[in-house]
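Residue numbering restarts at 1 for every chain, and letters A, B, ... go by the order of the sequence lines. Note that these values count all heavy atoms, side chains included, but never hydrogens, waters or copies made by symmetry.
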2 protein chains.
Amino acid sequence: MPFDLLLNNVSKYIHLDSAEKEIFLSFLQPKHIKRKQFILNDGEICKNSVFVTDGCLRGFTVDKNGIEHVLSFAPPGWWIADMYSLISQKPGILNIEALEDTESIILSKINQEKLYHEVPKFERFFRILTENSLVANQQRIVDNMSLTAEERYSIFCKRYPTLIDHLPQKQIASYVGVTPEFFSRMRSEMIRKRA
Amino acid sequence: MPFDLLLNNVSKYIHLDSAEKEIFLSFLQPKHIKRKQFILNDGEICKNSVFVTDGCLRGFTVDKNGIEHVLSFAPPGWWIADMYSLISQKPGILNIEALEDTESIILSKINQEKLYHEVPKFERFFRILTENSLVANQQRIVDNMSLTAEERYSIFCKRYPTLIDHLPQKQIASYVGVTPEFFSRMRSEMIRKRA
DNA sequence: CGCATTTCTTAATCTACATCATCTTTCCCG
DNA sequence: CGGGAAAGATGATGTAGATTAAGAAATGCG
């Protein structure tokens with residue numbers, strides 16, 4: 001069952017009996033996403049929370065010079081959405097794209113509201129997810145103002161250990177906030193230092 | 001009445017009849033804050049939302065090298081709090097300090113909850129404040145990754161027009177994310193260009 | 001399997017911003 | 001209102017990371 005990963009994720013924060021699990025599962029929809037396929041474009045209203053069970057998604061914005069900036073990755077076991085747009089139901093700034101063929105589970109905004117009515121303890125669960133995204137954003141602002149690229153890379157490594165040797169370097173570079181060229185040079189210097 | 005500014009602020013988002021206004025006001029507490037006085041320290045749990053009616057507060061973090069990074073200002077008409085800590089009631093990372101003698105209105109977390117029960121439409125109001133802080137943080141991450149110091153300064157100017165010639169330059173520099181020396185140089189060059 | 005496209009590496013040069021030092025100006029508290 | 005501290009200006013020098021260019025390696029798709 002690919003839903004096991006999701007149930008595990010939920011049970012980190014709230015306990016569900018089997019009736020509640022049933023209700024939860026009835027609101028979910030599995031979705032296969034092909035490599036390079038977009039499931040959200042900037043300017044759209046975000047209608048879904050997406051939980052990845054296999055593969056990997058990325059959330060990114062495009063600045064006025066056409067440069068992409070990766071704000072988050074979603075490997076298996078992670079949720080992804082444009083939190084602002086999802087909450088406010090106003091147009092967002094995030095694009096969400098599959099970096100490889102990906103299996104996911106969709107919880108629509110509408111079903112999320114229904115779920116709150118039928119199993120109120122899910123309010124707690126999604127409140128915690130929102131808090132986590134808040135704290136991550138706050139921390140990221142500070143990190144970008146005070147840390148070097150190398151330090152930011154090591155934060156990436158802690159946050160996404162499974163992605164380190166798994167993702168195109170240019171995606172990691174974009175998350176860390178440097179050019180692919182500099183990132184390549186930086187990595188080879190880090191290896192040299194360690195040797 | 002210094003509460004007028006606050007009632008105006010609230011009525012931008014929700015309409016209150018006079019009974020509801022009464023209830024709201026009964027939960028508030030005016031507070032005078034002296035220049036250089038802290039009303040929140042990092043590591044503490046944030047217990048209050050603070051609305052400024054006169055003067056100015058700043059929210060900032062201190063990095064591992066002891067350098068301060070200003071995340072937000074609160075001139076008259078603005079709310080300030082460590083949103084993450086306020087919502088989660090866990091220790092936060094923000095310090096909040098008065099940049100000059102300041103008049104403010106305090107709404108404690110506890111009273112905020114009571115207010116939700118007595119006047120539920122305040123849920124909408126504070127939800128919107130939370131959304132605004134979310135979108136501001138998201139935008140700030142992108143801005144810091146893609147804009148020059150000069151562009152970030154012009155965003156500061158739009159966001160806080162009343163503060164431009166009113167605040168120590170080093171505070172603005174810290175918000176923009178540059179050293180005071182570079183900020184001084186940058187400003188004199190911007191003036192030269194315009195002349 | 002093989003070719004095209006994407007990704008990675010390395011090098012030279014460039015630039016935005018930091019750091020350090022010194023001097024001047026402003027401001028605030030006794 | 002006067003003196004001391006904080007803030008600001010300006011110059012010289014240092015550096016993290018960008019840009020451009022060009023070749024090598026990897027990868028995905030027909």
Test of understanding: with salt bridge (Lys or Arg N to Asp or Glu O under 4.0 Å), list the residues that count as partners of B/Glu151, not counting sequence neighbours. A/Lys64

In whole Å, what is the span from the CD atom of B/Glu189 to the P atom of C/dA16? 9 Å

Could you list by number each residue of residues 173-182 of chain B showing a heavy-atom separation from DNA chain C of less than 4.0 Å, or answer none if no residue does? B/Gly177, B/Val178, B/Thr179, B/Glu181, B/Phe182

With a 3.5 Å cut-off and sequence neighbours excluded, list the donor-acceptor pairs that the side chains of residues 121-135 of chain A form with protein atoms.
from, atom 1, to, atom 2, distance (Å)
A/Lys121, NZ, A/His15, O, 2.8
A/Lys121, NZ, A/Glu20, OE1, 3.1
A/Lys121, NZ, A/Glu20, OE2, 3.3
A/Arg124, NE, A/Tyr13, O, 3.4
A/Arg127, NH1, A/Glu131, OE2, 2.7
A/Thr130, OG1, A/Phe126, O, 2.8

In Å, rounded to the nearest 0.5 Å, how long is the span from CD of B/Glu103 to CG of B/Leu5? 12.5 Å

Over how many whole Å does the gap from B/Asp101 atom CG to C/dC27 atom C1' extend? 14 Å

Length of the line joining B/Met190:CE and C/dA16:C1', which is rounded to integer Å: 15 Å

Under a 3.5 Å threshold, yes or no: a donor from one side chain and an acceptor from the other, between A/Asn144 and B/Asn144? no

Any Lys/Arg nitrogen of A/Lys109 or A/Glu113 sitting under 4.0 Å from an Asp/Glu carboxylate oxygen of the other? yes

To the nearest 0.5 Å, tell me how far B/Asp4 CG sits from B/Asn9 CG. 12.5 Å

Considering only heavy atoms, which members of residues 161-172 of chain A lie under 4.0 Å from some atom of DNA chain C? A/Pro168, A/Gln169, A/Lys170

Integer-rounded Å distance: C/dC8 P and A/Met186 CE: 14 Å

For the pair A/Tyr160 and A/Trp78, name the ring-plane relationship: parallel under 30°, tilted 30 to 60°, perpendicular over 60°. tilted

Got a list of side-chain donor-acceptor pairs under 3.5 Å for residues 166-174 of chain A, not counting sequence neighbours?
from, atom 1, to, atom 2, distance (Å)
A/His166, NE2, A/Glu100, OE2, 3.2
A/Gln169, OE1, A/Arg187, NH1, 2.9
A/Gln171, OE1, A/Arg58, NH1, 3.0
A/Ser174, OG, A/Glu68, O, 3.2
A/Ser174, OG, A/Val70, N, 2.9

For the pair made of CD in A/Glu100 and P in D/dT27, what is the distance, rounded to whole Å? 13 Å

Base of C/dA11, side chain of A/Arg185 - is there a donor-acceptor contact under 3.5 Å? yes

Between C/dC17 atom C1' and B/Glu151 atom CD, what is the distance in whole Å? 15 Å

Return the 5'-most residue of the pair A/Arg187, B/Ala149 with respect to DNA chain C, ranking by each residue's nearest nucleotide. A/Arg187

Nearest heavy atom decides the nucleotide; on that basis, is B/Lys36 or A/Thr148 closer to the 5' end of DNA chain D? B/Lys36

Kindly state which residues belonging to residues 138-146 of chain A come within less than 4.0 angstrom of DNA chain D, counting heavy atoms of the residue only, listed by number. none

When you match B/Phe183 and B/Arg35 each to their closest nucleotide on DNA chain C, which lands nearer the 5' end? B/Phe183

